[in-house]
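Quick notes on the structure that follows.
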Amino acid sequence: MSFNKDLAKSNANGSVSLHEGENGFPFVTLQTAAGASAKIYLYGAHVATFKDSKGRDHLFMSSKAEFKQGKALRGGIPICWPQFGPGKLPQHGFARNSTWQLNDTKVEEGVTSATFLLKDSEETKKVFPHSFELHYTVELKGDEMNTVFLVKNCGSDAFDWTGALHTYFNVAAIDSTSVKGLKGFTYVDKVQDAKEFEEKGEDIKFTSQLDRVYLKGASNDVHIQDTEGTEKVTFSSWKDVVVWNPWVEKAGGMSDLGEGEWKKYVCVEAVQVSDVVRLEPQQSWSGTYAFSKL
Ligand SMILES: O=P(O)(O)OC[C@H]1O[C@H](O)[C@H](O)[C@@H](O)[C@@H]1O
């Protein structure tokens, strides 16, 4: 994989630089003059770290993440597309296991960003026979990470998709973490036979495996509070929010997660699954998802 070197930039506002990482996996580093940075692999357009200007990494990456073709990276922000969860395609679709192109970069006052592109290929057509483009922009705006995810139908037939930005947030300790902002929303509880319940509490707390899809929950800001502070997560267009932590038993079956690391993260995901998105020929969908410390 070779980068378009013209997309590397550096000026008084920050920089975008291009590197080779583990097993030769290329990655892009974004840096702002104030000291925020991010590391994004072309494989999966996978954001692996986001450090703010105080040096706090907002994202969890597994110490045992496997850098090999066909395997999703554990941690950071995997992109699930065109299918969230199990279904006709492999779990969570193919975008997280595909190599994207770096398509555009910006280093300007107030924003350092990179845009990644994934298009249909012979490989994707075997499992998803449609023409599409995914444009994924990752922006550092001060101490906020903002993402813009755009899906375009480039073909002559309509297609349907579901998907997610499956973010793993660092937490000091999962058993003293709470997720706030989802009171009153209906959720599908994947650990209770996908039954539906209404969220009654202000705080979602963690005492065992928790795997829930909050339907239309992305209409609210969600806060993740741990002993060290609060992460604010905001959404537009994305409808649903998944909250997930595997706890000890399920984590034991995940070979790409380090010993005890399930205690160090919670997933709060921007999801589109309760309504399948149908895109007519030439139609696009875009959603934003952003996070920062309060
Ligand atoms: O192990 P993965 O394929 O990456 O999936 C990890 C998790 O993703 C989502 O959060 C789902 O709700 C979970 O049921 C699933 O276990």
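Hydrogens, waters and symmetry mates are skipped; everything else that's a heavy atom, side chains included, is used.
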K180 atom NZ: more than 12 heavy-atom contacts under 6.0 Å:
yes
If you count heavy atoms of other groups shown closer than 6.0 angstrom to CD of E202, is the number above 12?
no
Heavy-atom pair with the smallest gap, counting every atom of [X] and [Y]:
| X | Y | answer |
| --- | --- | --- |
| E269 | T167 | CG-N, 4.0 Å |
| L30 | A114 | CD2-CB, 3.9 Å |
| A158 | P281 | N-CD, 4.0 Å |
| D120 | H130 | CB-O, 3.4 Å |
| K205 | L210 | O-CD1, 3.8 Å |

Could you check whether any side-chain N or O of [X] sits under 3.5 Å from a backbone N or O of [Y], counting only pairs where one atom can act as donor and the other as acceptor?
| X | Y | answer |
| --- | --- | --- |
| H46 | A72 | no |
| D143 | S53 | yes |
| Q272 | S274 | no |
| D240 | K216 | yes |
| Q83 | K88 | yes |
| D221 | T234 | no |

Parallel, tilted or perpendicular: which fits the ring planes of [X] and [Y], with parallel below 30° and perpendicular above 60°?
| X | Y | value |
| --- | --- | --- |
| W262 | W247 | tilted |
| Y136 | F116 | tilted |
| F84 | H166 | tilted |

Within one Ile-Leu-Val-Met-Phe-Trp-Tyr cluster: F197 and W244, side-chain cutoff 4.5 Å:
yes
Count I, L, V, M, F, W, Y as connected when their side-chain heavy atoms are under 4.5 Å apart, and connections chain through other members. Are V188 and V276 then in the same cluster?
no
Is the shortest distance from a Lys or Arg side-chain nitrogen in [X] or [Y] to a carboxylate oxygen in the other one below 4.0 Å?
| X | Y | result |
| --- | --- | --- |
| K51 | D57 | no |
| D226 | K264 | no |
| E199 | R212 | yes |
| K64 | D256 | no |

Determine whether the aromatic ring centres of residues [Y] and [X] are separated by less than 6.0 angstrom.
| X | Y | result |
| --- | --- | --- |
| F67 | Y43 | no |
| H58 | F169 | no |
| F185 | Y214 | no |
| W81 | F132 | yes |
| W100 | Y41 | no |

Evaluate the salt bridge (Lys or Arg N to Asp or Glu O under 4.0 Å) criterion for residues K195 and D189: first the C-alpha distance (whole Å), next the side-chain angles of each, then the deciding distance (0.1 Å), finally the verdict.
CA-CA 6 Å; K195 286 192 194 120; D189 194 332; over 6 Å; no
Is the charged tip of K39 near the ring of F27: under 6.0 Å from the six-membered ring centre and within 45° of its axis?
yes
Min side-chain heavy-atom separation [X]-[Y] under 4.5 Å:
| X | Y | result |
| --- | --- | --- |
| L165 | W238 | yes |
| K183 | N220 | no |
| F235 | T288 | no |
| F50 | N170 | no |
| Y265 | L59 | no |
| D175 | F206 | no |
| K125 | S131 | yes |
| N13 | T32 | no |

For P26, the option from L42, I40, T99, L102 that meets side chain to side chain contact (heavy atoms under 4.5 Å, CB included):
L42
Please determine whether salt bridge (Lys or Arg N to Asp or Glu O under 4.0 Å) holds for the pair E133 and K152, giving the CA-CA distance in whole Å, both sets of side-chain angles, and the decisive distance to 0.1 Å.
CA-CA 5 Å; E133 283 183 4; K152 182 169 184 200; 5.8 Å; no
May I have the step-by-step check of side-chain hydrogen bond (donor to acceptor under 3.5 Å, both in side chains) for S237 and Y289, ending in yes or no?
CA-CA 9 Å; S237 295; Y289 168 73; over 6 Å; no
Chi angles and distances behind the salt bridge (Lys or Arg N to Asp or Glu O under 4.0 Å) call for R74, E261
CA-CA 11 Å; R74 176 74 60 199; E261 287 180 346; over 6 Å; no
Could you grab the distance from atom CD of Q91 to atom SG of C80, nearest 0.5 Å is fine?
7.5 Å
What distance do D6 atom CG and T105 atom OG1 have between them, rounded to the nearest 0.5 Å?
9.0 Å
Side chains of H135 and T137: donor-acceptor distance under 3.5 Å anywhere?
no
